[in-house]
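Let me begin by presenting the structure, written as structure tokens, before commenting on it.
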Amino acid sequence: MKPKRQKRHIAAGIRQLERKDMRQGLWHKHASKKCLRLHSVAKETIAGYLFLVPWLVGFFLFMLGPILASLYLSFTQFDLLSAPQWIGNKNYLGMLQDPRYVNSIRVTLVYVFLSVPLKLAFALCIALLLNKGLRGLGIYRAIYYIPSLLGASVAVAILWRQIFAADGLLSQFLGLLGISDTGGWVARPDRALFTLIILAVWQFGSPMLIFLAGLKQIPQEFHEAAAVDGAGKIRRFFTITLPLLTPLVLFNLILQTIDAFQAFTPAFIVSGGTGGPADATLFYTLYIYQEGFGNLHMGYASAMAWVLLLAIAFFTAVAFLTSRYWVYYQDERD
């Protein structure tokens with residue numbers, strides 16, 4: 001009996017060893033697969049960072065570096081020719097005593113608060129017209145978008161100056177109608193800024209395309225149901241179309257406001273870089289250019305640039321914070 005019992009114990013031990021070896025083999029196989037997956041993820045991560053290296057180098061060298069340098073220079077007196085000298089917050093305090101700086105703020109705010117609403121309203125009107133199912137819609141969209149591509153160029157700004165000059169096309173056209181236009185538009189302080197506002201409104205192509213895309217997404221059933229209830233076109237616009245477009249209105253408002261605060265080329269070309277006549281077109285960015293590269297007050301110009309950054313951030317934050325009261329999202333649930 002003992003030999004048989006010993007054989008059974010030996011066989012049981014062999015089976016236990018085999019099961020143990022099998023479990024160890026499965027564990028090693030699972031561990032190897034896990035290591036392969038981790039190795040694959042690591043390779044993909046490394047590859048992703050390698051692709052980001054050019055952007056990261058450009059960001060740190062050409063964006064973050066100059067931003068931090070301008071922040072430091074804003075507290076210094078720097079003329080581009082000698083080493084910067086630390087003067088504390090004198091550049092920021094000096095802005096309040098600079099009449100041209102205060103005037104540049106006034107001109108810029110007038111430009112922003114007039115050009116942005118007019119541009120968005122005009123863009124929405126054109127989008128509503130193009131949403132009527134016209135033939136050759138793609139051609140019309142391309143034609144209306146061309147001003148946005150060309151509006152900020154130097155060539156168009158020069159053309160704009162020639163149109164509104166004393167002997168320009170507008171004055172000649174008014175002369176044919178018997179209307180005398182002495183001095184033109186760009187040479188008169190009370191009209192010069194409005195020529196730049198008209199130029200800004202003319203560049204309505206980008207918000208127009210965004211509004212048109214939004215109009216295409218509004219279900220036609222909403223308008224049909226409202227029409228059955230007796231709502232007219234104007235009422236349907238203010239109760240259906242406009243509320244559903246408010247997210248795009250917010251988007252366009254923020255983008256166009258930022259773009260308006262940074263406007264430079266039209267004022268520089270139309271005024272010849274002076275901001276005239278009588279500083280009527282002295283945009284904030286143009287005054288930064290004059291102080292930094294004209295008068296070599298780079299420290300003062302850097303301080304002005306940081307104030308502009310804070311102003312844009314403030315208006316953007318106000319737009320986002322107030323959007324909860326006037327922006328309607330279709331997927332909201334009360």
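Only heavy atoms go into these numbers, but all of them, side chains included; no hydrogens, no water, no symmetry mates. Nothing here was measured: the structure is a model prediction, and the numbers come from that model.
Remark: of the listed residues L124, V249, L248, L248 is the sole one forming a side chain to side chain contact (heavy atoms under 4.5 Å, CB included) with I210. Each of L109, V102, N103 was compared with I105 under the side chain to side chain contact (heavy atoms under 4.5 Å, CB included) criterion, and only L109 meets it. Tested against L193, the residues V186, I198, V110 include a single side chain to side chain contact (heavy atoms under 4.5 Å, CB included) partner, V110.
Pairs of residues two or more places apart, or lying in two chains, that qualify as ring-ring contact (aromatic ring centres under 6.0 Å, His included) and include a residue from residues 270-294 are Y101-Y284, Y111-F283, F264-Y289, F268-Y289, Y289-F293. For residues 66-75, the pairs satisfying side chain to side chain donor-acceptor pair (under 3.5 Å) are S70-W306, S74-Y92, with sequence neighbours left out. Every pair passing salt bridge (charged side-chain N to carboxylate O under 4.0 Å, His left out) that includes a residue from residues 74-102 is listed here, sequence neighbours excluded: R100-D279.
Between V107 and T281, every side-chain heavy-atom pair lies at or beyond the 4.5 Å cut-off. Residues L71 and I67 fail the side-chain proximity criterion, which asks for heavy atoms closer than 4.5 Å. Between V156 and W202, the closest side-chain pair of non-hydrogen atoms falls below 4.5 Å. Looking at heavy atoms from C-beta onward, T246 lies out of side-chain contact with L250 at the 4.5 angstrom threshold. Side-chain atoms of S206 and L255, non-hydrogen and from C-beta on, never get closer than 4.5 Å to each other. Inter-residue side-chain proximity for H223 and T241 is flagged as met; some heavy-atom pair is nearer than 4.5 Å.
Residues passing the ring pair (Phe, Tyr, Trp, His ring centres under 6.0 Å) test with W326, sequence neighbours excluded: none. The ring pair (Phe, Tyr, Trp, His ring centres under 6.0 Å) test applied to F320 returns no partner, not counting sequence neighbours. Checked against salt bridge (charged side-chain N to carboxylate O under 4.0 Å, His left out), D190 has the following partners two or more places apart in sequence or in another chain: R188. Contacts of T76 classified as side chain to side chain donor-acceptor pair (under 3.5 Å), with partners at least two apart in sequence or in another chain: none. Among residues two or more places apart in sequence or in another chain, the salt bridge (charged side-chain N to carboxylate O under 4.0 Å, His left out) test is passed with R106 by none. Here T45 pairs with nothing under the side chain to side chain donor-acceptor pair (under 3.5 Å) rule; sequence neighbours left out. Remark: P66 engages no residue in a side-chain contact (heavy atoms from CB on, under 4.5 Å) (not counting sequence neighbours). For L159, the side-chain contact (heavy atoms from CB on, under 4.5 Å) partners are I163, not counting sequence neighbours. Residues that satisfy the side chain to side chain donor-acceptor pair (under 3.5 Å) test with D259, not counting sequence neighbours, are absent from this structure.
No donor-acceptor pair closer than 3.5 Å links the side chain of W160 to the backbone N or O of V270. Judged by distance alone, the side chain of Q290 and the main-chain N or O of N295 form no donor-acceptor pair under 3.5 Å.
R324 CZ to Y329 OH: the interatomic distance, rounded to the nearest 0.5 Å, is 11.5 Å. Atom OG1 of residue T257 and atom CD of residue Q262 lie 11.0 Å apart, to the nearest 0.5 angstrom. Atoms CD1 and CD1, on I254 and I312 in that order, are 12.5 Å from each other to the nearest 0.5 Å. The CG atom of L245 lies 11.5 Å from the CG atom of L120; values are rounded to the nearest 0.5 Å. Expressed to the nearest 0.5 Å, how far CG of L196 lies from CZ of R161 amounts to 12.0 Å. Note that CG of L68 and CZ of F60 are 10.0 Å apart. Values are rounded to the nearest 0.5 Å.
Cluster membership for L52 and M63, using ILVMFWY side-chain heavy atoms within less than 4.5 angstrom, is shared.
By the 6.0 Å contact criterion, CG on L93 is enclosed, its count of non-hydrogen atoms from other residues, nucleotides or ligands being greater than 12. The number of heavy-atom neighbours closer than 6.0 Å to CZ of F194, taken from other residues, nucleotides and ligands shown, is 12 or below.
Below 30°, between 30° and 60°, or above 60°: for F122 and F204 the angle between ring planes is above 60°, a perpendicular geometry.
The two residues P207 and Q256 have their closest heavy-atom pair at CD-NE2, 3.7 Å.
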